[in-house]
Amino acid sequence: MNVDKEVPKAKAAGHGSKRHRSRREQAAKPPCYISHLPVEILAEILGYVRIQDILAMARASKYYCAALVTNPASMYIWKEARARFTPKPIPDPTPNFTEPSYAAFLFDEGICEVCRTRTKGPFVSYSLRLHLCKRHSCRTTWRGREKKLLDTYNCTANEIATAEPLMQLEDNSTFLPTADYATIGLNAPVYRLSDWLHEVDARNRVQVLPLTETEYLQKREVRIKIKKSTMELSEQLIEWRQQYDQEACSIKEQNLKLIGKIASSLGQKPGDLHHCPSCALLYRSKTSSLETLTNEDFLRIQPLVNRELDALYTERERRITVKNVEDQQEAVLELYERLKSRPAAIVPPLKTFRKLPVVRRMAGSSTSSDISNEIRDSTLIARLAEGDVQNWVKDAKDALTTVLGFAPLNESHPTSLAPVNRLTARFRCKKCDSKQSSWPSDRSLSFAEACAHQCMHTRNRPSGQKVWNAEQFVPDYKAIDVVQQVLMWCGYTADDALSLEMPEEVGTRIQCLSCPSHIVMTYDNLFSHCYRHESMQLKLLSVQEVSEILQYPIKVGRCAQLTKHTGKSQAERQRPMYGCRHCEQKIPIPSESVATTKADVHMVDASPQLNNTTIGPERSQDGTRGSLGEAAESKNTKSKSPQLFKFDGLRSHAKEK
């Protein structure tokens, strides 16, 4: 039984194929009707435009390139455009040029040979094919460089100049400033160094070849004729361009004067008219075409110009308003910083400060620039803002007193501290605790810090925390517990007014008994160190005991300096001069209690936090606080040299514990 095999069909182009996408893109483009015009009609249309426009159109697509550049029948379009060029027809090209290439040679821009920026004009010298920008420094630099190098090869200058003409600068007056005429001279020839060296090399080869001077010149007769004709054409082009530049400057001045008169009649500034797109387009098109602007030309676009002027003034007023509002916000920030810089100042977060009655009323009353100056200079506003801050702090005291579990006090006792003013008033932010995977989890806040607290994960967000709220705080029981222990060792009670002097009194005499090493810390280190242990036990040491334990003194603020993003801090972090206090200050373990002590040490060391290394009283990389010893800088020495780390190596050492 014969079964005919089914012939596989060609896979149709799907909706996502490249061919389908290209067809879809072509269908979305608007149709180009000018490409369907006959060449005769296209030539008639191009008879009314400049040769620069014909050149731009020839470069627009392959179709126009084939119709205007590669088609010999369209060369008359270029010739007619040259003949009707104003103010003077363009000279005929030499035989080595086609009409399109001649137009590109005359009007194309280029790269400055000195500063390498793109020029906005044609060649400075057609004979040298030299592109230079309009900077005076670039022109004098090129002239001085070529002159200096030419002087090195002036041994055969007379022979080369008389034997074969070199391409030189057509007219120094179009190239050099008037001040240089006396030193350089208008008729002093300026050659290109590469042409000069080429002729020097050719003259040197003649002396080796068996040719006479006459045979050598006969051999290069064709090239000499080409150079002479090119030099003659270049001189004609320079003369043509001088007349063109003069006419362009004259028409530009006339058009500017007319724009000024029209602006005066409308009661506007000339600069405002130039900022209107329609008027600016009319001015540029007329000036580039060497056409004089008339009143009738402006009347055709006057309704559009009026609408653009209205939009311009509206946008200008909006920018002034935005600038004044930003200036007012900056003035409010300066007022906030002044209040914040006062000794023992308690201020709310900046966003809450902006919502205080006086600040909100002043910043939102007007968009005038005088408001910002009044906020900066007025002492009355500063006093009113300070009064609002005091009222806000009073409300914050009552709210945080309730958070601590106390009833709000109507009157303060002279010898008894308010609950929020005590050392045991420590708080934690519930919002920051919920982000403990990415933010430090040991952030304990005093009353002043809680008032100025702003959650770090919402600090740089426009939709972040707007208003401070006491309900986001909870008591920090671990910090409160360790503070009570220190107060007990010092013989103070929490509500004693003299207890506020306790942090300076204890200094660095606090020892953690829960650590397997002799760890001594300051009062500020307690609030981060207490989170390393479930129940932290403390002891207050004497000055002599502290000197025996601390072989390397604590340098306050050292860790904060090392964690800065500066070159000096990065270099300091690479120096192997940091030691581990937990390793160097271990407590000796008696032989009869080895098993018990090892179990305790293992339990502490297994903590993922930095509980075996303390580096300075500032925060370490994982958010904890500790002390940092610099063994290389210490005068005390041990019988056994301590193990030193780089700063990053010390962090890795802590992770191994």
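In summary, Asp108 and Arg59 engage in a salt bridge, as defined by a charged side-chain N under 4.0 Å from a carboxylate O. Look at Glu109 and Lys120 and you find no salt bridge, because none of the NZ, NE, NH1 or NH2 atoms lies under 4.0 Å from a carboxylate O.
Ring geometry for Phe107 versus Trp240: interplanar angle over 60°, hence perpendicular rather than tilted (30 to 60°).
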Steps toward salt bridge (charged side-chain N to carboxylate O under 4.0 Å, His left out) verdict (Asp245, Lys252)
CA-CA 10 Å; Asp245 292 341; Lys252 182 178 180 180; over 6 Å; no
Could you go step by step and tell me if Arg319 and Glu315 meet the salt bridge (charged side-chain N to carboxylate O under 4.0 Å, His left out) rule?
CA-CA 6 Å; Arg319 291 182 180 180; Glu315 176 64 18; 3.1 Å; yes
What's the verdict on salt bridge (charged side-chain N to carboxylate O under 4.0 Å, His left out) for Arg192 and Glu113, showing C-alpha distance, side-chain angles and the deciding distance?
CA-CA 12 Å; Arg192 188 179 282 278; Glu113 295 188 9; 3.2 Å; yes
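Remark: Arg84 CZ is packed, more than 12 non-hydrogen atoms of other residues, nucleotides or ligands lying under 6.0 Å away. Residue Lys88 places its NZ atom among more than 12 non-hydrogen atoms of other residues, nucleotides or ligands, all under 6.0 Å distant.
Counting only distance, with no hydrogens or angles, the side chain of Glu170 and the backbone of Tyr126 share a donor-acceptor pair below 3.5 Å. The backbone N or O of Gln302 sits less than 3.5 Å from a side-chain atom of Asn306, completing a donor-acceptor pair.
Two residues are said to be in side-chain contact when any heavy atoms from C-beta on lie closer than 4.5 Å; Glu291 and Ile251 fail this criterion. Residues Ser127 and Thr230 fail the side-chain proximity criterion, which asks for heavy atoms closer than 4.5 Å.
In summary, of the residues considered (Arg241, Arg82, Gln236), a side-chain contact (heavy atoms from CB on, under 4.5 Å) with Ile90 occurs for Arg82 alone.
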